[in-house]
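The residues of the chain are indexed from 1 along the displayed sequence. Only this structure's heavy atoms are used, side chains among them; waters, hydrogens and symmetry mates stay out.
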Amino acid sequence: MRSRLATLARAGLLLGAVAMVPVGTAGLAAVDGRVAPQFARLYTVYSLIKAHYVDQTDDEKLVKGAIDGMLSSLDPHSSYLDGASLERLRTMIDGGYAGLGISVVQEDGAVKVVSPMRGSPAEQAGVKAGDYITHLDGKFIVDGDLDDAVAKMRGAAGTQIKLTIYRPGREEPFDLTLTRAVITLEPVTSKLEANVAVVTVNEFSHDVGRLVFEQIQKQRAASGNRMTGVVLDLRSNPGGELDEAVALSDLFLSGGTVVSQRGRQAGENAVYRAETYFPGDLVKGLPVIVLIDAGSASASEIVAGALQDQHRALIMGERSFGKGSVQTMIPIDSAHAVKLTTARYYTPSGRSVQEGGIEPDIRVPQISDPDARKRSEKALRESDLRRHLVNEKGVDDKKLEKDNNPDPRFKMTPEELTEKGIKDFQLWYALQTINRTATLAAKGK
């Protein structure tokens, strides 16, 4: 339980792996002489506020504001933790929490949804990745403190909160009323669809690599050893433990680099390779499709990038979130800490996930969701569809590239999909692709 909640804290609140490191007293004491004038300027402003501001000022508030300003000027993930914000993190790691099950970041002062967790109150109420939360219970929160917004969204299970949402693609904001709940997730689930193993990874918690291994073996047995492929669903997965991202990638790789990590300090540099956790490719000879969307971040992008660069899987869906950095939590004392970005992730080919996320090989919008269609059209991200399929079963990719059948994405409406019983178009499209691959392979024999 503690391991799972620790991952929820990292994935849901921090969107990446967080390390705990001691702070060196020498590092705190050493100040480059060249920056002394800058500190003098800071002290001058502090003195002017103390002497001339219209109201009496609180020193703690001024110091915290100065620190917050420094860290917020770096990136959205570096922050100062004290008091309630530090206690919230410790509570999430050590004892669980109740809330909405939503991962958020601050973007240009606005609270942006990275991903609602599967099965959470946020997902059930219809919150989508890419939404912007502008009001909580009617109070305007743009340009406010992100920690304060997160604190307001948390609360006792069974209590309600009203979110005002701005969604790109809609003309007007709208309100959603959510009921808080204790956040629980099953890390890995699976099912067999027409002899294709569909494995959904909801979070990168402890033992995810082993759990996926077991689920694939389970579905292989259920198919009577006639499994034709694997769909690895990483949609709305905001990340988690780095080691588990490497382990999951390792299941499908027989060698090579999975991901590298580079920082300014030599101690932050590392290369993670396949064949570390599992020997060989678990489903060698079978096609693998990885589904991603705008809610796929951090560890999800590591897996997608590794399998894409090593040409082991076809990446399908929509561009991922683009969270490719490592945060380290550095305690200052028992009541204060700094969460600081210390390194970036790079895919095997050297791409920085931080620069635009993972682009799918085939862009497939979730047209079973009318709002997703509107968002996609508004963003002009429908074109540039690439049809490269992984050559895992002796299938000539060019046969699929020359497939002139009308793409059903441009023909069916959400209502038509519902009539056909298609609730999840992206998954349906992935299954159709694997089935088409299997058919072509059979004809080629």
Tell me, please, which residues at least two apart from [X] pass side chain to side chain donor-acceptor pair (under 3.5 Å).
| X | result |
| --- | --- |
| Lys218 | none |
| Asp309 | Thr347, Ser349, Arg351 |
| Asp75 | Ser78, Thr341 |

So, Lys323 and Ser325: side-chain donor and acceptor under 3.5 Å apart, yes or no?
yes
Going by distance alone, is a donor N or O of one side chain under 3.5 Å from an acceptor N or O of the other, for Asp59 and Tyr46?
yes
Using every non-hydrogen atom in the two residues, find where Tyr345 and Gln261 come nearest and quote the distance to one decimal.
CE2-OE1, 4.1 Å
Roughly how far apart are Glu123 CD and Met117 CE, rounded to 0.5 Å?
11.0 Å
Cationic tip of Arg262 within the cone over Tyr346's six-membered ring, i.e. under 6.0 Å and within 45° of the normal?
yes
Any sub-3.5 Å donor-acceptor pair from [X]'s side-chain atoms to [Y]'s backbone N or O?
| X | Y | result |
| --- | --- | --- |
| Asp131 | Val113 | no |
| Gln308 | Glu359 | yes |
| Gln310 | Leu307 | no |

Parallel, tilted or perpendicular, judged at 30° and 60°: which one describes the rings of His336 and Tyr80?
parallel
Salt-bridge criterion met for Glu416 and Lys420 (N-O under 4.0 Å)
no
Can you tell whether the side chains of Arg235 and Asp424 come within less than 4.0 Å, N to carboxylate O?
yes
